[in-house]
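Structure, as structure tokens:
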Amino acid sequence: MFFKKYRPVLLLVLFCTACNKKENQLQQVMALQQMNDLATVEYVVTKIIKANDNKTWYKIGDRKILMTCKATLTAGIDLSKITSNQVNIEGKNITLTLPHSKMIAVNIKPEDIVEEYEQVDVLRQTFTGEERNALAIQAENQINASIAELGILQTAETNAALFVNNFLHRLGFEKIIIRFDTITPTKN
């Protein structure tokens, strides 16, 4: 008699408890947003810069330079872009869609641009600071152009998925599916 009379109330309490648990789980998952840019991979790349203008017909003598340029490339994902629409929780199962990886930083320190060799004939002037800077800019552009070939963005996504998978596992989820947004990533 007691259960018959209060059955609707008990069902409402159970339903509200389940809703609160799901909302609490969602809030815990959405805490990932606070990490913003999650750097998951860092590459150090060395680019060799070689230049000469020996083929110039109106200049007498040779002029050659060899420089190295070391760059630190950091990639990861922007977790602040996760929305609640990208999270699907069903009990202990979760499906989470992450944004694609992006380059977070390309860092070339001035001290990492080193002249390895320079040969200048007597009738020629040495390479000017402006010419050296132009060569360093050319190296930076070539490094940026080679990012896709290096596979750094794919490695960043693999590492990010591993990190997020471990994070969600610690929250108590058992079946975890991590996907990446279907929108093609843009270069930064």
Side-chain angles (χ1 to χ4, degrees), residues 1-47 69-109 111-112 139-188:
M1 179 80 171
F2 176 78
F3 288 110
K4 247 184 181 180
K5 185 175 180 181
Y6 293 105
R7 178 193 278 176
V9 174
L10 288 173
L11 289 174
L12 182 63
V13 168
L14 288 173
F15 178 75
C16 289
T17 303
C19 288
N20 285 340
K21 182 178 180 186
K22 189 172 183 175
E23 186 63 34
N24 187 33
Q25 286 177 318
L26 180 61
Q27 286 177 352
Q28 289 175 329
V29 171
M30 294 308 288
L32 283 168
Q33 286 179 320
Q34 296 173 2
M35 292 182 193
N36 293 320
D37 283 337
L38 173 66
T40 58
V41 67
E42 185 173 273
Y43 282 19
V44 176
V45 177
T46 301
K47 178 73 179 161
C69 176
K70 185 171 83 172
T72 304
L73 310 176
T74 306
I77 59 173
D78 186 359
L79 294 174
S80 69
K81 292 185 177 179
I82 297 173
T83 64
S84 57
N85 296 338
Q86 296 169 304
V87 181
N88 183 15
I89 299 173
E90 294 176 10
K92 298 237 179 222
N93 302 335
I94 185 169
T95 302
L96 176 62
T97 303
L98 297 174
H100 280 284
S101 61
K102 66 175 188 168
M103 289 305 300
I104 294 174
V106 176
N107 188 11
I108 301 174
K109 298 177 189 169
E111 61 267 18
D112 289 337
E140 182 179 1
N141 291 339
Q142 289 174 356
I143 289 170
N144 283 327
S146 70
I147 287 173
E149 297 169 19
L150 294 172
I152 188 171
L153 297 175
Q154 292 83 1
T155 303
E157 287 185 5
T158 301
N159 293 346
L162 182 63
F163 173 83
V164 172
N165 186 56
N166 288 335
F167 177 83
L168 296 173
H169 187 69
R170 286 192 177 116
L171 290 179
F173 293 102
E174 293 173 0
K175 183 179 178 192
I176 301 166
I177 299 172
I178 297 175
R179 298 183 178 134
F180 285 90
D181 205 342
T182 55
I183 298 171
T184 316
T186 57
K187 289 185 179 179
N188 256 1

Between the main-chain N or O of [Y] and the side-chain N or O of [X], is there a donor-acceptor pair closer than 3.5 Å?
X    : Y    : value
E157 : Q154 : no
N159 : T40  : yes
S80  : N36  : no
H100 : F180 : no

query = Should the heavy atoms of other residues, nucleotides or ligands under 6.0 Å from CD of Q34 be counted, would the total exceed 12?
reply =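 12 or below, so no.
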Rounded to the nearest 0.5 Å, what separates atom [atom1] in [X] from atom [atom2] in [Y]?
X    : Y    : atom1 : atom2 : value
N141 : K47  : CG    : NZ    : 11.0 Å
L96  : I82  : CG    : CD1   : 5.0 Å
L150 : T155 : CG    : OG1   : 9.5 Å
K70  : K109 : NZ    : NZ    : 7.0 Å
T72  : I143 : OG1   : CD1   : 9.5 Å
I177 : R179 : CD1   : CZ    : 5.5 Å

Heavy-atom pair of closest approach, residues [X] and [Y]:
X    : Y    : value
T74  : A39  : CG2-CB, 3.6 Å
A161 : I178 : O-CD1, 3.3 Å
K92  : G172 : CD-O, 3.4 Å
I108 : C69  : CG2-SG, 3.7 Å

query = Do L153 and M103 touch side chain to side chain, with heavy atoms closer than 4.5 Å?
reply =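 Answer yes - side chains close enough.
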key: 4.5 Å side-chain heavy-atom contact, V45 and L73   =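 Touching, per the 4.5 Å side-chain cut-off.
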Working for side chain to side chain contact (heavy atoms under 4.5 Å, CB included), residues L79 and L98 = CA-CA 7 Å; L79 294 174; L98 297 174; 4.2 Å; yes
ask   = Name the one of N93, N166, I94 that satisfies side-chain contact (heavy atoms from CB on, under 4.5 Å) with I176?
value =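 Option passing the side-chain contact (heavy atoms from CB on, under 4.5 Å) with I176: I94.
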